[in-house]
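Structure first, then comments.
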Amino acid sequence: RRFKGLYGCSPEVSSIIWSLISNLNLHPSNTKHSYLLYSLLFLKVYGTEHVHKAITGVDEKTFRKWSWVYVKIIAILPIIKFNNRFKGSTNTTNLYV
């Protein structure tokens, strides 16, 4: 529950994301699991760098670098099919989440 509150997803989902990235060989060299968590935290909280530093204990430059590296990797994962974004919605829907 605390994990989901901080990162916006369950530990299982973050593990699935890590596995997908691994299976597609998208991990940069010298990577750590925490770098993926930085990106999930960034997407969930979307706070200032100072706030992220306070939460993670890493300097702003490190947080910025690795959170954006993994945000870009998550964005290219073949999970969300843009053309299918309205499946299950009504015909008048122009935004469906």
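Note that the coordinates shown come from a computational prediction; the quantities given were computed from them, not determined experimentally. Note that these values count all heavy atoms, side chains included, but never hydrogens, waters or copies made by symmetry. When a residue number appears, it is its place in the shown sequence, counting from 1.
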Within-4.5 Å side-chain heavy-atom neighbours: Leu40 and Ile17: yes

Sidechain-backbone polar pair: Thr48 side chain, Val51 backbone, donor-acceptor under 3.5 Å: yes

Gap separating the CD1 atom of Ile16 from the CG atom of Leu77, nearest 0.5 angstrom: 12.0 Å

Flag side-chain contact, heavy atom, 4.5 Å: Val69 against Thr31: no

Lys65 NZ to Asp59 CG distance, which is reported to the nearest 0.5 Å: 11.0 Å

Proximity of Phe42 and Tyr46 rings by center, below 6.0 Å: yes

NZ-CZ distance between Lys53 and Arg64, expressed to the nearest 0.5 angstrom: 12.0 Å

Atom of Val45, atom of Leu6 and distance for their closest heavy-atom approach: CG2-O, 4.3 Å

Side chains of Ser14 and Phe3 in contact at under 4.5 Å (non-hydrogen atoms): yes

Side chain to side chain contact (heavy atoms under 4.5 Å, CB included) partners for His33, two or more places apart: Trp18

Point-to-point distance, once rounded to the nearest 0.5 Å, from CD1 of Ile76 to CD1 of Ile21: 8.5 Å

Aromatic plane relationship, His27 with Tyr70 - under 30° parallel, 30 to 60° tilted, over 60° perpendicular: tilted

Phe63 backbone acceptor or donor facing Ser67 side chain under 3.5 Å: yes

Flag side-chain contact, heavy atom, 4.5 Å: Pro28 against Tyr35: no

4.5 Å side-chain heavy-atom contact, Ile73 and Leu24: no

Flag, side chain of His52 to backbone of Gly47, donor-acceptor distance under 3.5 Å: yes

Test side chain to side chain contact (heavy atoms under 4.5 Å, CB included) applied to Leu20 and Ile74, step by step: CA-CA 9 Å; Leu20 284 169; Ile74 291 168; over 6 Å; no

Any side-chain heavy-atom pair of Thr56 and Leu37 under 4.5 Å: no

Taking every non-hydrogen atom, the tightest pair across Lys4 and Lys44: O-CE, 4.2 Å

